[in-house]
Student: 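The following block contains the structure, expressed as structure tokens.
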There are 2 protein chains.
Amino acid sequence: MPDRTRLLLQLTVDLAILTAREDHLSVLVIERDNPPFRGQLALPGGFLRAGEDLHGAAVRELAEETGLDGGRLPLDQLGAYGQPDRDPRGPVVTVAYLAIAPDLPLPVAGSDARGARWMPVDALRGALAFDHNQILDEAVEAARSRLELTTLATAFCAETFTIGDLRHVYEVVWGVPLDPRNFSRKVVHTDGFVVATGDKRIPETGRPAALYRAGPARLLSPPLLRGGPDHG
Amino acid sequence: MPDRTRLLLQLTVDLAILTAREDHLSVLVIERDNPPFRGQLALPGGFLRAGEDLHGAAVRELAEETGLDGGRLPLDQLGAYGQPDRDPRGPVVTVAYLAIAPDLPLPVAGSDARGARWMPVDALRGALAFDHNQILDEAVEAARSRLELTTLATAFCAETFTIGDLRHVYEVVWGVPLDPRNFSRKVVHTDGFVVATGDKRIPETGRPAALYRAGPARLLSPPLLRGGPDHG
DNA sequence: ACAAAAGTGTTCCTTCTACACCCATGA
DNA sequence: TCATGGGTGTAGAAGGAACACTTTTGT
């Protein structure tokens, strides 16, 4: 006996899947092939199913849309978005998740994901459907903040990576240049951030760089300060 | 034409309303007088109504349950909780909000809020209904973290307060003693954290303390470090 | 030899911690 | 004059920023 004060609604999960490609912070978007907003770009996502928990739905959508294994990527909840008019179909609240992916080709070809592609976030100013522009803004800010406080940046990298790769992630996400020498020291001297594999990678030009993989630590204390040189 | 994959559900808003009372971090709880979990303690909250946005629902519930004006208190979203079996009545997802209140008597006497009262969070270990124990844990951790990074602590205080009042908030929420002299300097020298009123308050014993009110700043940079003395 | 990227050593400066010391009030 | 909380000064430690300099590769 639901009374007037208990609204029945549908719930979706939307994903802001970020990656660092070349010199741009990019996000995975799809082109919608159904109304509403048919033909427009949007974040991938989908409806919560019966018996499913929110994180599980996010993992499932990540797999469906990108072929990536959500169990192996950090998938953090950003929050719930519930403006009453955010979806013209009626009351639909969405829970947004932030995923950080290495720069991989998408093995997609999935159902809804035909039109999936990476787009630099700077090229999307205001172009997304629903309230996805706001969600993307908050996802980017959350990613920037998590880079300061956690070891999340390693999730942007392949399984093994150099300190230069990792620094490049920070530079792309923060949008500022960092001093390679100080950065290297801070990362290597922070317990559990990275562990050396013992191997080296020879670049096109220059001295070989030691390879690392992600360490067990999840929190950085002290944090890695953003703003770099003389930001005052 | 909703298909099987689009679950219809109800959505609630739950509030973790924290305050610093004497030497305990306390939270507002109600005693449920309807099933499920009748007679058990729970966080205040209620169902989202048609046409209402999530933050608006949180403000309304805060007013209904406590008489406090949610528009004047910082009300931050913690996240959505959607385990499929979290509510025995069926699929109900909740969005949790964190509110920080000054230590005020509750002008309640509202409908559902008859049994509303402050309880020290330490006295509630595992005692709450639904998944509210988890929500409370995450609310406390979020409050601790926000004290480091934001000026939120002023929301725990009355309109005017002394630096000692503010320090007491930090000590209660973090559970560690702080050096009064260094704390005073950090707060006063951080632009926009507090502004002096020019008045003084005479304590029961001791030198009068300058009174302040909350300043315009919302973010603390650099953060106020937790852990206090020799925490390494 | 040169270019380019990796990595080390060192100096300067800011900030935090700890604590000695002074201030203003009531009992 | 003593107890109590408010507030200033300051020395030492810790860590970041800046940058000179060395290492190791390909061309």
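Residue numbers begin at 1 in each chain, while the letters A, B, ... track the order of the sequences.
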Student: Distance check: side-chain N/O of K186(A) vs OP1/OP2 of dA17(D), anything under 4.0 Å?
Tutor: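 Indeed, a polar side-chain atom of K186(A) lies that close.
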Student: Rounded to the nearest Å, what distance is computed from the CD1 atom of residue I202(A) to the C1' atom of nucleotide dG26(D)?
Tutor: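 Taking CD1 of I202(A) and C1' of dG26(D), I get 10 Å after rounding.
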Student: Among the candidates dA6(C), dA3(D), dG7(C), find the nucleotide nearest to the side-chain atoms of T205(B).
Tutor: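 Of the options given, the side chain of T205(B) lies nearest dA3(D).
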Student: Note the angle between the end axes of the helix from dA1(C)-dT27(D) to dA27(C)-dT1(D), five pairs defining each, rounded to 10 degrees.
Tutor: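 Comparing the first five pairs with the last five, the axes sit 10° apart.
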Student: Once you round it to whole Å, what is the distance between P of dA5(C) and CG of L166(A)?
Tutor: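 These atoms are roughly 17 Å apart.
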Student: If I take atom CZ in residue R181(A) and atom P in nucleotide dC19(D), what distance separates them, rounded to the nearest angstrom?
Tutor: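 Nearest whole value for this atom pair: 8 Å.
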Student: Quick check on the 6.0 Å ring-centre criterion: do F183(B) and Y170(B) meet it?
Tutor: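 F183(B) vs Y170(B): aromatic centres under 6.0 Å.
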Student: Establish, with yes or no, whether the OP1 or OP2 oxygen of dA6(C) is under 4.0 angstrom from a side-chain nitrogen or oxygen of R167(A).
Tutor: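 R167(A) to dA6(C) OP1/OP2: side-chain N or O found under 4.0 Å.
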Student: Take the protein atom CG of L178(A) and the nucleotide atom C1' of dA17(D), then report the distance between them rounded to whole Å.
Tutor: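 My rounded result for the distance is 12 Å.
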Student: Are side-chain heavy atoms of L98(A) and L75(A) found at a separation under 4.5 Å?
Tutor: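 Not in contact.
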Student: If you check the N182(A) side chain, which of dA18(D), dA6(C), dG7(D) turns out closest?
Tutor: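 It is dA18(D).
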Student: Starting from P on dA18(D), measure out to CG on L225(A) and report it in whole angstrom.
Tutor: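 It is 12 Å, rounded to the nearest whole Å.
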Student: Testing L15(B), T12(B), D14(B) one by one against E61(B) for a side-chain contact (heavy atoms from CB on, under 4.5 Å), which residue passes?
Tutor: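 It is L15(B), the one option of L15(B), T12(B), D14(B) that forms the side-chain contact (heavy atoms from CB on, under 4.5 Å) with E61(B).
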Student: When the nearest nucleotide of DNA chain C is assigned to K200(A) and to G206(A) on a heavy-atom basis, which residue is associated with the more 5' position?
Tutor: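 Its nearest nucleotide being more 5', the pick is G206(A).
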Student: Rounded to the Å, how far apart are F183(A) CZ and dA6(C) P?
Tutor: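 In whole Å, dA6(C) P and F183(A) CZ are 11 Å from each other.
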Student: Is there a side-chain contact between H24(B) and M119(B) (heavy atoms, below 4.5 Å)?
Tutor: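 Answer no - side chains too far apart.
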Student: Between the side-chain atoms of R185(B) and the base atoms of dG9(D), is any donor-acceptor pair under 3.5 Å?
Tutor: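 Pair found.
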Student: Could you state the atom-to-atom distance from CZ of R201(B) to P of dT25(C) in whole Å?
Tutor: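 That distance rounds to 15 Å.
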Student: Determine whether T162(A) and D165(A) make a side-chain contact, defined as any pair of heavy atoms from C-beta on separated by less than 4.5 Å.
Tutor: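 Heavy-atom side-chain distance check passes, below 4.5 Å.
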Student: Taking R213(B) as the fixed residue, which of V194(B), V195(B), T154(B) is the one that meets the side-chain contact (heavy atoms from CB on, under 4.5 Å) rule?
Tutor: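 Considering V194(B), V195(B), T154(B), a side-chain contact (heavy atoms from CB on, under 4.5 Å) with R213(B) is found only for V195(B).
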Student: Quick one: label P208(A) by what it contacts on the DNA or RNA (base, sugar-phosphate, nothing), any heavy atom closer than 4.0 Å.
Tutor: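 Sugar-phosphate: the residue P208(A), judged by heavy atoms under 4.0 Å, touches backbone atoms but no base.
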Student: Tell me whether the side-chain N or O atoms of R207(A) pair up with the base of dA6(C) as donor and acceptor below 3.5 Å, since no angle test is needed here.
Tutor: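 Looking at the base of dA6(C), it does pair with a donor or acceptor on the side chain of R207(A) (distance under 3.5 Å).
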Student: In whole angstroms, how far is the C1' atom of dG15(D) from the CG atom of D179(A)?
Tutor: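 Those two atoms, CG and C1', are 15 Å apart.
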Student: Got a salt bridge between R144(B) and E148(B), using NZ or NE/NH1/NH2 to carboxylate O under 4.0 Å?
Tutor: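 Here R144(B) does not pair with E148(B) in a salt bridge, since their nearest N and O are not under 4.0 Å apart.
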